[in-house]
Amino acid sequence: MAKKNKLKKAIQPLADAPPVDDDDDGLVDDLLAQLDSRNAAGKQESANLLNELQVGQQLEEIQEKSKQDPKLRFKARQARKAAALAQMYAPDDPASEARLEKEAKDEERDIDRVCNELNVRIHEINPDGHCLFSAVADQLKLLSILPSAQASYVTTRTAASTYIYTHPDEFLPFLPSVAGEDGTGSADPGLMSPREFEQYCASIRDTAVWGGEPEILALCRAYNVPIHVVQAGRPPVVVHNPIGSSTDAQVMDQRVVRISYHRRMYGLGEHYNSLRPRSTRSQISHALQSILPTS
């Protein structure tokens, strides 16, 4: 704990954080963001570059090592994304395509079922690398927590980055250093150095790097609102509650950010959408569909 406190004191305001290193990790992040867009030409070029980086081989090596070394889990997660997206443009494999199509349909069915139970509908978010932050921004606008003019990924990225940066003790245990305990300036075995931590927070704020569990938790606490993530599998809803929030069920139900997490949407590795309340018309249409016989 003493080492963590020293690290916290050593960190300067995020505005002074150094730019993210322009190394292979940064390149992979940029390529992932391009693949996560709808620009066909850019996708193909990025997929080719990812394949040249041999992400498949990297994934196997990193996953095997990460079983014994938790410090490599973050890197393994990035490698999985790269491999999944690069695979989209690999030579056709009918068996793989059929399996992926089935997984996508099963996921869509499971998420639709939960959405029907919650009386919400999927509002699609552009798959541009900012999807988590855009989905949360859309929800915060619906809850009147953010005005429309500020309801964008720029605002939520800044909020998540700032919260993580100002609460290092809450997040550092889940943000392992890529360099590990032997890295230059490492403050503790597996703990990010001050520079690595600054770069991580700066990348959340300034790039299209994908967000995950740490960023969801940061947004939940930064805006003091529960975030419920609907997904396929178990549990169907992952609940994130802010520290010290009210436990009154009625209050919690009225002030909840609801987003959906997709592993197979658009064939991508990961994607988030916003879940908006159904309109009266859509509720009637859904009710009729459930009672009318199918042709």
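Throughout, numbering of the chain's residues begins at 1 and tracks the sequence.
- With sequence neighbours excluded, the residues that form a side chain to side chain donor-acceptor pair (under 3.5 Å) with Arg109 are Asp106.
- Side-chain N or O atoms of Glu107 include none that pairs as donor or acceptor with a backbone N or O of Ala104 at under 3.5 Å.
- Counting only residues at least two apart or on different chains, no salt bridge (charged side-chain N to carboxylate O under 4.0 Å, His left out) pair has a member in residues 148-166.
- Under a 3.5 Å cut-off, the side chain of Gln139 and the backbone N or O of Leu275 do form a donor-acceptor pair.
- Residues passing the side chain to side chain donor-acceptor pair (under 3.5 Å) test with Ser134, sequence neighbours excluded: none.
- Checked by atom type and distance alone, the side chain of Thr162 never pairs as donor or acceptor with a backbone atom of Ala159 at under 3.5 Å.
- Scanning for side chain to side chain contact (heavy atoms under 4.5 Å, CB included) contacts around Leu217 gives Phe171, Arg221, with sequence neighbours left out.
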Between side-chain atoms of residues 141-155 and protein atoms elsewhere (two or more places apart, or another chain), which donor-acceptor pairs fall under 3.5 Å?
unit_1: Ser152; atom_1: OG; unit_2: Val154; atom_2: N; d: 3.3
unit_1: Thr155; atom_1: OG1; unit_2: Gln150; atom_2: O; d: 2.6

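- To the nearest 0.5 Å, the span separating SG on Cys131 from CD1 on Ile125 amounts to 8.5 Å.
- Of the possible donor and acceptor atoms, none in the side chain of Ser161 sits under 3.5 Å from a partner among the backbone N and O of Ile204.
- Residues satisfying the side chain to side chain contact (heavy atoms under 4.5 Å, CB included) criterion with Asp110, sequence neighbours excluded, are Ala232.
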Step by step, work out the side-chain hydrogen bond (donor to acceptor under 3.5 Å, both in side chains) result for His228 and Arg258. CA-CA 5 Å; His228 293 186; Arg258 290 189 174 94; 4.6 Å; no
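- Side chain of Asn241 to main chain of Pro226: no donor-acceptor pair is present (N/O by atom type, distance under 3.5 Å, no hydrogens or angles).
- No donor-acceptor pair under 3.5 Å is formed between the side chain of Glu215 and the backbone N or O of Ala160.
- For Asp128 (side chain) and His130 (main-chain N/O), a donor-acceptor pair under 3.5 Å exists by modelled atom type.
- Judged as a side chain to side chain contact (heavy atoms under 4.5 Å, CB included), and not counting sequence neighbours, the contacts of Glu103 are Arg99, Leu100, Arg264.
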